Amino acid sequence: MKTELPVGIINRENSGLKKLKPDIPRITVGLATCGAAVGGTAIYERLRESIQKRNPDLSLVPTGCIGYCREEPIVTVAHPGKPLVLLNRVSVKDCDDILNAVLSGTVPHDKALCRIEEWDHLMGHNITYGRGFDEIPLYDEIPFFGQQKKVILRDAGIINPEDIDEFLAVGGYSAAYNALRNMEPDTVLEEVEKSGLRGRGGAGFPAGLKWRITKEKKSDKKYIICNADEGDPGAYMNRNEMESDPHMLIEGMILGAYAIGTDEGLIYIRAEYPLAIRRLKHAIAEARELGILGENIFGTDFSFDIQIATGAGAFVCGESTALVASIEGRTGRPHPRPPRLTDSGLWGKPTDLNNVETWCNVPVIIKNGSEWYRNIGAEKNSGTKVFSLVGDVEKVGLVEVPLGTTLKRIVFDIGNGGADGKAVKAVQTGGPSGGCIPLRLFDTTVDFESLNAIGSIMGSGGIVVMDEDTNMVDIARYFISFATGESCGKCIPCREGLKHTLILLNRILAGKGTAEDLDTLKSLSETIAATSLCGLGQTAPNPVLTTLEYFRGEYDSLVKL
Amino acid sequence: MDEKTLDEIISRYDSPSGRLLGILSDIQNEERYIPRESLEMLSGKLNVHLSQLYSLVTFYSFFSLEPVGDHRITVCMGTACHVKGAGEILRNLEELLGFPVGITEEKREPVTTDDNAFTLEIARCFGACSIAPVLRVDNNLYGYAKPEALPTILKEYGWRRDED
């Protein structure tokens, strides 16, 4: 076994650092899906052309998304030795001004949102950009950013997701390297167990325990799978994690594969995410080229590779057994558990399946240790969670906070309350499986138990804010309509029950409902929840049950009492 | 699809995991829908029953067995889009393209104009919730969509109002 970091990788790390902090100005454009869609692509092209004409000695690179979606398109400028400056709401017509400023050694102050003097990438690598431009606020002084704690999104919007060198430069793959060379698989597993990391896909099952169960199964072949189906409408944090920092996911899976003892991993990703698919494929190819994936990783005797399987637009495929059926080339219908995937998963072999964000937590846990990790978050809910804060909220974006943060803090302190000055009425968390939470319960903390206690769930982390204009009965109808359309049809409670729930809700909304209908709605919902085969059906009535409980008056006003 | 193209697509998949859906997606990317002949050819080549392939292409909403128009318009119906008025966007598009209003949500299947210029469909969630409501025409995403902006967007793809 070799003891030195391979020269090839050291060279690439150094080259990455030169790209992140070049001795010429560096300009980046946020080119995740939404940044690109609201003008980022056109800005990037315009800057590229102008730079070629005026001064090819400027560095221009695409990045992912820094999460402040409301302020997109976001462009950053870093002069050597000066802070990294974020420019917000940039348009193509600003490009000349930006270049003029950069070429004269400054930044366009009218577009400047904030400045970053140094950035901790949490993998043992601090990047110090420099001082100056004191009149521009510091990153932490912007309420949207200042109240967040970026662990998973530590690289997002800063490094080029299509360049492995930059990931190496911020300490990427150092956790995997150290683990494979200096740690026993059991030690890696124990660290994850001790960290208290719970699955970020929604159910909150202890990740380390799932790893251990899979590890201890006797089998000639095992698989690990990343669930990147992210079907919850209103949630897009996984897309951003993959688009902005794909190597973080790969590193997490390498560590998991090593701990569990498997040589094959799969990422099941929804077809609706073409850019994430492209960036992941590119990242996998880069990692293979450097010997970070494939045979004898880092010159050790450990081998592991990752394949990508794309979904085809079925919400139920986010359910683990349905997902496996889909990868095997069958219709994505779930089967009753047991057997669990850890006993009989992909192709009948023990399989560990975790959500994108769960995998992304692993490198930072292994790098900094379980104790460091447990100090973030709340009792039995360690670490952070990325939420997509969308809907009728002023500062829409991706928000990463320690678990145990209150809804109030997320919606009002970070999101600055309702959009267009309207009053916030409720939030919906957890997608179709979640519930609607009224304003009076906004002191609730976001952690697995607290949200469950009030009838909702964390889900993958969608938080849809609804203002005073929202009709909550219509929202319930919307989710039931969604779940009815996405029911795979295998079990009767879900297939037939949801259909009749939808008929009832439509009748109530049309003003033709009766008080008796409301009782039927409640008992039908409870029956569906109690008797459905899989998570889709079991949780589909949650939006109805929570709106009935918290917004009963809206139902009552629609029916003849 | 000719045999050579199909063989080339099949050759991209050496692992059994994810193979069938991958091949079907690639066929659809190539042809813009999944022609029956391609399914028959694939069934013979992979020794998979045609009925199994049929069950896949009808189960997954991403696949279409019907040819689609020159431009494919997809309206996101995710929660954020719903809250921000996606329903109105959809109804306006139906009206502008000459479909009965409400047909796409009712049928849940793509509808195509008689001249084959446009196909209109709904999708569950693009995951572009921050710029809701969102629609996609071919591969271009349009965020913060407003009903009054729709004619301008459609014109980029050759649509003309009848009275124009």
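Letters go in sequence order (proteins before strands), and every chain restarts at 1. Heavy-atom basis, side chains included; hydrogens, waters and symmetry copies ignored. This is a predicted model, so every value here is computed, not measured.
Annotation: the span from A:Glu328 atom CD to B:Ser17 atom OG amounts to 7.5 Å, rounded to 0.5 Å. To the nearest 0.5 Å, atom CD1 of residue B:Ile131 and atom SG of residue A:Cys69 are 9.0 Å apart. Between atom SG of residue B:Cys81 and atom OH of residue A:Tyr478 there is a gap of 8.0 Å, rounded to the nearest 0.5 Å. Once rounded to the nearest 0.5 Å, the distance linking CE of A:Met237 with SG of B:Cys129 reads 8.5 Å.
Considering only heavy-atom pairs separated by less than 4.5 Å from chain A, the leading option among B:Gly143, B:Pro16, B:Ser25 is B:Pro16. Of all the listed residues (B:Cys76, B:Gly127, B:Gly87, B:Gly78), the one sharing the greatest number of non-hydrogen pairs under 4.5 Å with chain A is B:Gly127. Interface summary for chain B: among A:Asp469, A:Val396, A:Ile327, A:Asp474, the most heavy-atom pairs under 4.5 angstrom belong to A:Ile327. Interface summary for chain A: among B:Arg19, B:Lys84, B:Met77, B:Arg124, the most heavy-atom pairs under 4.5 angstrom belong to B:Arg124. No other option in A:Gly391, A:Gly311, A:Gly332, A:Ala36 has as many heavy-atom pairs under 4.5 Å with chain B as A:Gly332. In terms of heavy-atom pairs under 4.5 angstrom with chain B, the leader among A:Ala419, A:Ser481, A:Pro274 is A:Ser481. Put simply, of A:Ala309, A:Ala312, A:Gly313, A:Ala37, the one with the most heavy-atom pairs under 4.5 Å next to chain B is A:Ala312. Ranked by heavy-atom pairs under 4.5 Å with chain A, the list B:Ala123, B:Ser15, B:Gly18 is led by B:Gly18. Ranked by heavy-atom pairs shorter than 4.5 Å toward chain B, the options A:Gly462, A:Cys488, A:Gly329 are led by A:Gly329.
If you measure heavy-atom distances from A:Thr310 to chain B, the contacts under 4.5 Å come from both the backbone and the side chain. Heavy atoms closer than 4.5 Å to chain B are found in the side chain of A:Phe479, but not in its backbone. Looking at A:Glu264, only its side chain comes within 4.5 Å of chain B, counting heavy atoms on both sides. Within the 4.5 angstrom heavy-atom criterion, only side-chain atoms of A:Val316, from C-beta onward, approach chain B. Interface remark: B:Tyr144 contributes side-chain atoms only to the contact with chain A (heavy atom separation under 4.5 Å). Contacts of A:Cys317 with chain B are made by side-chain atoms alone, with heavy-atom separations under 4.5 Å and no backbone atom involved. With a 4.5 Å cut-off on non-hydrogen atoms, A:Arg330 touches chain B through its backbone and its side chain both.
Residues of residues 94-119 of chain B lying under 4.5 angstrom from chain A, judged on non-hydrogen atoms, are B:Arg108 by number. Listed in order of number, the residues of residues 221-233 of chain A that approach chain B to under 4.5 Å between heavy atoms are A:Asp232, A:Pro233. The contact list for residues 426-434 of chain A toward chain B, using heavy atoms and a distance under 4.5 Å, is empty. Heavy-atom neighbours of chain A within the stretch residues 50-69 of chain B, taken at a separation under 4.5 angstrom, comprise B:Gln52, B:Ser55, B:Leu56, B:Phe59, B:Tyr60, B:Ser61, B:Phe62, B:Phe63.
Put simply, the side chain of B:Cys125 does not reach to within 4.5 Å of the side chain of A:Tyr236, judged on heavy atoms.
More than 12 non-hydrogen atoms from other residues, nucleotides or ligands lie less than 6.0 angstrom from NZ of B:Lys45. Counting non-hydrogen atoms of neighbouring residues, nucleotides and ligands closer than 6.0 angstrom, the CD atom of B:Glu88 reaches no more than 12 such neighbours. For A:Asp420, the CG atom sits in a loose shell: 12 or fewer heavy atoms of surrounding residues, nucleotides or ligands are nearer than 6.0 Å. Other residues, nucleotides and ligands contribute only 12 or fewer heavy atoms inside 6.0 Å of the CG atom of B:Asn139.
Between A:Tyr273 and B:Phe126, the shortest heavy-atom distance links the atoms CE2-O, 3.3 Å. Residues A:Val465 and B:Val83 come closest through the heavy atom pair O-CG1, 4.2 Å.
B:Thr79 pairs with exactly one of A:Val464, A:Ile475, A:Val390 by the side chain to side chain contact (heavy atoms under 4.5 Å, CB included) rule, that one being A:Val464.
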